[in-house]
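Everything on this sheet refers to the single structure shown next.
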Amino acid sequence: MLGRYFQPNRCNAPRLRPVVRPYSTITSKHNQKIVDLLLKYKAEEEQKPDANSFKVYSFARAIHAVMNLNHPIRSGTDVVALPGIGLKITNRINEHLFDQYAQETTSEAKGAARSRFSGSKPVLILAPDSKVYQELLRNRALVVLGSVPGIGPTTAKKLVDAGCHSIKDLKSPEFSSMLTSKQAMNLKYMGHFEQPINRQDAEDVMAFCRAGLGPEFEITLVGDYRRGIEMFQEIHVMVSHPDFVHVPLPSDPPHIPAKSKTIIKKKSGRRRKDEEVRTNLLHTDILPLLQQRGLISETLSCGFTSWQGVIRLPGPEAGWGSRIHRISAVENNDGEYRKMSVHLVPQKSLGSALLFLTGDNEFHKDLSTRAQKLGMLFNQHGLWSWNPSQTESSPPNAEPRSSVETTNDGYWSLAKSTSEEEIFQELGMDFVDPTKRNFAFVSGKRRGKRTSSSYH
DNA sequence: TGGCAATACTG
DNA sequence: CAGTAT
DNA sequence: GCCA
């Protein structure tokens, strides 16, 4: 499973017969056009290199359902209740019907007589005030509004019932006031976030940050970029500075509760956190600078050492323009906008943070598991060793001063954290190139790639 | 959110 | 014919 | 893709 064996080119498949279509001679008395439409979608899915066979089958089922109809489909309501036809196909059929209707009305306008007599197929004519046409309009509006991220079927229905029928309508204050702040933001940046980010975009952003923050800040592109991915959805940046040195201890005291003893919850240190939020370089320097220089456009969430939000792509250095120009561009929502995150990391934790922020998820989970098996703990701040309580006479020279009052059973001490190499070494692994940090590697490392076939 | 079908090929 | 790959 |  998991598409490990997919063949990029079907022409290489050795024993593939000419594509067998269950319905090679498909005719429908009343809905030929719609059957053709669905056949086209089915074929499209089949062509894709990573085709989903269940999806293909679903189209086949839908085609079958339509074929069995003994009356023409006029709108989605004729078809939505049919087994095997769900929301997406209903919407596609509606779209098709609407287009067909528009086409026919224009040809009617050109010459009523001609279209009346030359059309060999039954012509679908709908009065603009007919119930069926209203239904098509409503469904079309539901689809359009539902295409805004964060607006689902429920909100879409509310909006349509309130008289909102298009994205343009939605942007008027009357309707945009019905949106949550998140929905409003997704509307504002519609068409931006779906757009892929390429490596050059990310490099431009990094260059812009470097120019804006000054030489003492060390800036690294992490996430998908560092794993060598060509196109991705979000830019992740790691920032460090010699003045930012705070390395928090793991908050969960014991790593493996051999016996589920009383769970110790220490909520001390709150005041500290508030204090740090104010003095943190992220809040005092990085974010204000990036904002003033016209990069940051929106803040989605802002935590202690990390920020996530929306930026305006600055483009290559030659096209950065003036600060004023960029600021006004952001104000007018001009330019290209993408999601970005910034993580402020102490230099001491550079290696573990790099590992943590580069990912991917599976790889990083694997590291955590390996650490656990060694009785250690891996997080973005470091690889930690657990030192059992020093009731015995072995107070290690690590850094017991930072043990705080976590528990009486022992304390965490930082084993390795400054470079990826030393962390790999400590975990007993060879260095893994960032481009190899993915599920395939993790699973391949565990056991040689075997087929699932095994006899018994 | 995750399970899902049909069939040609293999031995 | 059943298991498997697609 | 659909559906429970």
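Note that the structure is predicted; figures quoted are calculated from it, not measured.
- When the C1' atom is compared between D:dG1 and B:dA8, the two are found 24 Å apart, to the nearest whole Å.
- We find that CD1 of A:Ile93 is positioned 12 Å from C1' of D:dG1, with the value rounded to whole Å.
- Atom-to-atom, CZ of A:Arg61 to P of D:dC3 comes out at 6 Å; the value is rounded to the nearest Å.
- The separation between A:Tyr41 atom OH and D:dC2 atom P is 12 Å, rounded to whole Å.
- Here the P atom of nucleotide D:dC2 and the CG atom of A:Leu38 are 10 Å apart, to the nearest Å.
- Between A:Phe54 atom CZ and B:dG2 atom C1' the separation is 11 Å, expressed in whole Å.
- Atom P of nucleotide C:dT6 and atom NZ of A:Lys48 are separated by 20 Å, given to the nearest angstrom.
- For D:dG1, the OP1/OP2 oxygens have no side-chain nitrogen or oxygen of A:Tyr57 closer than 4.0 Å.
- For the residue pair A:Tyr337/A:Gln195, the side-chain donor-acceptor check at 3.5 Å is not satisfied.
- In this structure, A:Glu46 places its CD atom 17 Å from P of C:dT6, rounding to the nearest Å.
- Between A:Tyr101 and A:Tyr133, the ring-plane angle classifies as tilted under the 30° and 60° cut-offs.
- Looking at A:Gln183, its side chain does come within 3.5 Å of a backbone N or O of A:Gly150 through a donor-acceptor pair.
- The nearest whole Å value for the distance from the CG atom in A:Leu39 to the P atom in D:dG1 is 15 Å.
- A cation-pi contact, defined as under 6.0 Å to the ring centre and within 45° of the axis, is absent between A:Arg138 and A:Phe98.
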